[in-house]
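Just below is one structure, and these are the notes that go with it.
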Protein chains: 2
Amino acid sequence: MKKTPIWKAIADALRGDLAEGRYRTGERLPTEAALADRFGVNRHTVRHGISALVEEGLVHTRRGAGAFVAATPTDYPIGNRVRFHENLIAAGRRPEKQMLMLDERAATAGEAQALEIAAGDPVCAYHGLSLADEHPVAIFESIFPLVRLVGITQALKKTDGVTAALRLVGVDDFTRVSTRLTAVRATATQALLLQVAEGDPLLKTTGVNHSDLGQPVEYGRSWFAGDRITLTLET
Amino acid sequence: MKKTPIWKAIADALRGDLAEGRYRTGERLPTEAALADRFGVNRHTVRHGISALVEEGLVHTRRGAGAFVAATPTDYPIGNRVRFHENLIAAGRRPEKQMLMLDERAATAGEAQALEIAAGDPVCAYHGLSLADEHPVAIFESIFPLVRLVGITQALKKTDGVTAALRLVGVDDFTRVSTRLTAVRATATQALLLQVAEGDPLLKTTGVNHSDLGQPVEYGRSWFAGDRITLTLET
DNA sequence: GGAGATTTGTGCGTATGTATG
DNA sequence: TCATACATACGCACAAATCTC
């Protein structure tokens, strides 16, 4: 019989609560004092347990505010000095971009969190398809916060690219602050667009671009056909 | 001017010592009591700092024995030395590695090409499973060219990690020259090992590590459970 | 905007458990 | 067996950020 530390038992209990969906994304956990009281332990012991969840990426804390349920299930950083490079244009392939939809709507909770705006704030949604040699290779989706980027929708209609459109609304430079990669199944819609079978594996990337002022200006998601595309990371 | 906590300053100081090579790999750090005395702080404060280094993967601790240097990071100021698995481990979550198979055989055509050897040349194949919190998260497979790395199989048996094993056979340093990412379906075997359903999407990564002489010394492949793991790239 | 309460972060002290050598 | 060293856990105090009124 292995003896499990109290802090780990607390972490496990909380992780279980999260797994069961007893807390929603972004929701605040009980305070350390409340948890310490509930489990009948010292506040430090609770903190130790919570810190484990923070390391796992399940929870993030804000001093003075509380501990909140993180959006992502598990994140594994794989390096700080890695450049993300989409190597779509491998040897003589002609890339194209095709706009599928462009409209303005209210931000979902996840989009709002990524863009650091309030849920329901107006955003511009830009959907499209990337092709190489006339074969679809990826679906992309860019969300722009309208509160910061007035006129981005019109700019996207006029120009032919995100960079140019952002420049039109005053964002001369932006940097990608994070990229996340995971594998998912193709939904029916995605399968149709990418011309793969429903349920086929897709490589999903999500990322946020910040302006030089440090504000999020674009939340992008892409789905690559797993059997057709390989992303390469160059050091 | 930002105020840095004492524990962070201690972590930085120790990390600096490691970067300068003042401790060798495997060497024991001063005891917590000694460090607490040196820095004039409480032992808990030292522990907090050391725990940060443990999470980064720079140090590992053994109860009753001490804290030991895990790796000397020469890549701090400049450097494109991305140690894929080490960085995964740095994410914390009490990772484990479980060896599944270790044998010597002839290289397949693809392995030979990646390692720049002749097809059929003898290689060492090292298969394993990565776990976090006792849950499988990835399958890894490393192929080593025996023509360049005599005794690597025995070294892998003795040591507990690729880095240490390579050092045993004379490769003190190596660099990942490329990483490729794609999404695939889980085979029956992979599904069993990763405890997912057959056909579930997996994030597949492949990469080659070169020695400081520029020769390929390892061809690695990993399969991550797509619904459980997100790789993050930080700029 | 300001004052006070709340909540997390940091740090110290103490005690005991457990693995190591 | 015994001392050493890390691991866990409690308690106290204050700082810093946040939230509420």
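Note that this is a predicted model, so its numbers are computed, not measured. In what follows, every chain begins at residue 1, and chains take the letters A, B, ... in the order their sequences are listed.
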List, with names and distances, any nitrogen or oxygen atoms from the protein found under 3.5 Å away from nitrogen or oxygen atoms belonging to nucleotides 19-21 of chain D.
{"unit_1": "dC19(D)", "atom_1": "OP1", "unit_2": "Arg62(A)", "atom_2": "NH2", "d": "2.9"}

Using whole Å, report how far CH2 of Trp7(A) lies from C1' of dC10(D). 17 Å

Do the non-hydrogen side-chain atoms of His44(B) and His48(B) ever get within less than 4.5 Å of each other? no

If the helix axis at each end comes from five base pairs, how far does the helix from dG2(C)-dC21(D) to dG21(C)-dC2(D) deviate from straight, to 10°? 10°

Kindly indicate whether the side chain of Val46(A), heavy atoms from C-beta on, has any atom under 4.5 Å from the side chain of Asn42(A). no

Distance in angstrom units between Arg47(B) CZ and dC12(C) C1', rounded: 15 Å

Using whole Å, report how far CD of Glu32(B) lies from P of dA5(D). 10 Å

Gln215(B) side chain reached by His210(B) side chain, heavy atoms, under 4.5 Å: no

On a heavy-atom basis, the closest approach of Leu202(A) and Gln190(A) is CD1-OE1, 3.5 Å

Value in whole Å for how far the P atom of dT8(D) lies from CD1 of Ile10(A): 13 Å

Rounded distance in Å - CZ (Arg63(A)) to C1' (dC14(D)): 11 Å

When rounded to whole Å, the CD1 to C1' distance for the pair Ile6(A) and dT16(C) reads 12 Å

Send over the distance from Ile50(B) CD1 to dT8(D) P, rounded to a whole Å. 14 Å

Contact residues, residues 36-46 of chain B to DNA chain C [heavy atom, < 4.0 Å]: Val41(B), Asn42(B), His44(B), Thr45(B)

Between P on dT10(C) and NZ on Lys8(B), what's the gap in Å once rounded to a whole number? 9 Å

Euclidean distance, Asp103(A) CG relative to Thr153(A) OG1, rounded to 0.5 Å: 8.5 Å

Looking at every heavy atom in both Val169(B) and Val150(B), which two are closest together, and how far apart are they? CG1-O, 3.4 Å

Should Arg148(A) and Glu218(A) count as an ion pair when the cut-off is N to O under 4.0 Å? no

Is any side-chain heavy atom of Thr205(A) closer than 4.5 Å to a side-chain heavy atom of Arg221(A)? no

Does Cys124(A) reach the side chain of Leu156(A), with side-chain heavy atoms less than 4.5 Å apart? yes

Fit a plane to each ring of Tyr126(A) and Phe144(A), take the angle between them on a 0 to 90° scale, and name the class: parallel (under 30°), tilted (30 to 60°) or perpendicular (over 60°). tilted

Knowing that exactly one of Asp200(B), Leu129(B), Thr189(B) qualifies, which makes a side chain to side chain contact (heavy atoms under 4.5 Å, CB included) with Leu194(B)? Leu129(B)

Within the pair Thr31(A) and dT6(C), is there a side-chain N or O less than 4.0 Å away from OP1 or OP2? no

